Amino acid sequence: MFYLLKLGPVPLSQGDTQVQVYLRISDSGEPSAPVFESDDGAGLRALLEGVDAAEVRCAPALAEAGAELGLAVAEPSPQALSSCAAIATFVAWGQRGLSGLGSDKALLFVQASSEYWDARPWTHWDDSQPFEVAVTGPMNHTFEGCVFHMGDGRAGLALYFKPGALQVLMEMQARGQGDAATSLPAIAVTLDTSPAYAVDALTAAGRAPRLPLPLKTGPDGVSVPSALESLVLVASLRAVARLSPDQREVLSSVVAGDEQMQVRVRAPAPRVRH
């Protein structure tokens, strides 16, 4: 069985033109090459090439165009929805200059960010409380971490390379220099509220309704984390997701090439909330 789905509108890299991305995904989650069109009918016809229409189902959002082609409508399988969410994440990463990290990293971030989102660590700690994040293996470094959740709905995790960075950041903010925070050496992942097509696909797949965006900051501004730094972020998200007021130390492992990397997170005492 194959399912036909669409993502969009997706802006093209040049100009203000937007297109829809049409996907054919098997029941087990295997996608075919995406089709870029501005019309549902054209997109579906392209996806039907080389397959038996009797083995195809349209997602409800494509019901009208599918009916014109004699296609049945059905909710996609969970595996197809998960594949669609991963593709949507990677497409959105391409718009943000992150596609070089690879689709495998996109899937890892989707999974880890969902665990982090469901755990909601910002209900126990705030962004002024430093976490100790000790990494061993292919990288050996102790970061100063913090969780954050902002009024606009974004959330995330930041890992600063230097101790005392959170204090420096708070002093900058007190002086009205919050934008200067991007000069502090750090790696982070922000769970963003846009673009809508990616958030919708992630939500439909039962993932966190936010787009994970890894980033790196420093004196030269904002850039893309390395593959190894990305894995540190993934393992840290998973570790923090398992923290609680009663369990304030967690060890998380991730495979990095031929080596095992371990990330041990120690949380401060939870902030008392009234």
Side-chain angles (χ1 to χ4, degrees), residues 7 10 21 23 25 29 31 34 78-122 131 133 135 137-139 143 145-150 153-160 186-217 222-243 250 252-257 260-263 265:
L7 302 171
V10 177
V21 181
L23 305 171
I25 304 177
Q79 295 89 338
L81 290 174
S82 291
S83 180
C84 181
I87 292 168
T89 298
F90 194 62
V91 170
W93 274 18
Q95 294 177 259
R96 308 289 184 97
L98 294 169
S99 56
L101 288 176
S103 57
D104 58 331
K105 297 294 189 304
L107 183 58
L108 288 174
F109 270 103
V110 166
Q111 294 169 335
S113 296
S114 293
E115 294 173 24
Y116 183 85
W117 178 264
D118 290 344
R120 284 169 162 66
W122 54 85
F131 288 62
V133 182
V135 181
M139 176 190 290
F143 294 86
C146 75
V147 303
F148 60 89
H149 185 264
M150 296 179 278
R154 291 181 296 161
L157 176 69
L159 304 180
Y160 292 93
I187 53 175
V189 57
T190 297
L191 307 186
D192 211 333
T193 56
S194 64
Y197 70 83
V199 173
D200 289 346
L202 288 161
T203 303
R207 304 297 190 179
R210 296 291 186 274
L211 174 69
L213 292 174
L215 58 92
K216 184 174 184 176
T217 61
V222 180
S223 60
V224 180
S226 69
L228 192 57
E229 290 167 340
S230 297
L231 290 175
V232 170
L233 287 169
V234 167
S236 298
L237 285 168
R238 288 177 167 161
V240 174
R242 290 158 50 201
L243 293 171
V250 168
S252 177
S253 298
V254 65
V255 175
Q260 190 86 359
M261 182 164 60
Q262 294 190 325
V263 176
V265 178

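Just so you know, these numbers come straight off a predicted model, no measurement behind them. What's counted below: heavy atoms across the whole structure, side chains too, no hydrogens, waters or symmetry copies.
- P195 meets the side chain to side chain contact (heavy atoms under 4.5 Å, CB included) test with A92, Q95, R96, Y197, A198, L211; sequence neighbours excluded.
- Partners of R154 by salt bridge (Lys or Arg N to Asp or Glu O under 4.0 Å), not counting sequence neighbours, listed by chain and number: D152.
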Worksheet item: Would V254 and V263 count as a side chain to side chain contact (heavy atoms under 4.5 Å, CB included) if you check the C-alpha gap in whole Å, the side-chain angles of each, and the deciding distance to 0.1 Å?
Response: CA-CA 8 Å; V254 65; V263 176; 5.6 Å; no
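- To the nearest 0.5 Å, the span separating OH on Y160 from CD1 on I187 amounts to 11.5 Å.
- The two residues L101 and P225 have their closest heavy-atom pair at CD2-O, 3.4 Å.
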Validation: residues 104-116 side-chain donor-acceptor distances under 3.5 Å, sequence neighbours left out:
from	atom 1	to	atom 2	distance (Å)
S113	OG	F109	O	2.7
S114	OG	V110	O	2.9
S114	OG	A208	N	2.9
Y116	OH	G156	O	2.5

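- Minimum heavy-atom separation, L23 to C84: CD1-SG, 3.9 Å.
- The side-chain heavy atoms of P34 and I87, taken from C-beta on, include no pair separated by under 4.5 Å.
- Taking all atoms of both residues into account, the shortest heavy-atom contact from A205 to L81 is CB-O, 3.5 Å.
- Smallest separation of non-hydrogen atoms from S194 and V199: N-CG2, 4.0 Å.
- When all heavy atoms of P214 and W93 are compared, the closest pair comes out as CD-CZ2, 3.6 Å.
- The main-chain N or O of G94 is never found under 3.5 Å from a side-chain atom of S99 such that the two would form a donor-acceptor pair.
- With sequence neighbours left out, the ring-ring contact (aromatic ring centres under 6.0 Å, His included) criterion links F131 to W125.
- Residues meeting the side chain to side chain contact (heavy atoms under 4.5 Å, CB included) test with S103, sequence neighbours left out: F90.
- In this structure, K216 NZ and L159 CG are separated by 12.0 Å, a value rounded to the nearest 0.5 Å.
- Judged as a side-chain hydrogen bond (donor to acceptor under 3.5 Å, both in side chains), and not counting sequence neighbours, the contacts of S226 are E229.
- The CG atom of L98 sits 6.5 Å away from the CG atom of L213 when rounded to the nearest 0.5 Å.
- D200 meets the salt bridge (Lys or Arg N to Asp or Glu O under 4.0 Å) test with no other residue; sequence neighbours excluded.
- Not a single donor-acceptor pair under 3.5 Å links the side chain of S83 to the backbone N or O of Q79.
- Residues satisfying the side chain to side chain contact (heavy atoms under 4.5 Å, CB included) criterion with R210, sequence neighbours excluded, are W117, L191, T193.
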Let me have the donor-acceptor pairs involving side chains of residues 236-243, under 3.5 Å, with sequence neighbours excluded, atom names and distances please.
from	atom 1	to	atom 2	distance (Å)
S236	OG	V232	O	2.7
R242	NH1	L251	O	3.2
R242	NH2	L251	O	3.3

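- Here P138 pairs with L228, A256, E259, M261 under the side chain to side chain contact (heavy atoms under 4.5 Å, CB included) rule; sequence neighbours left out.
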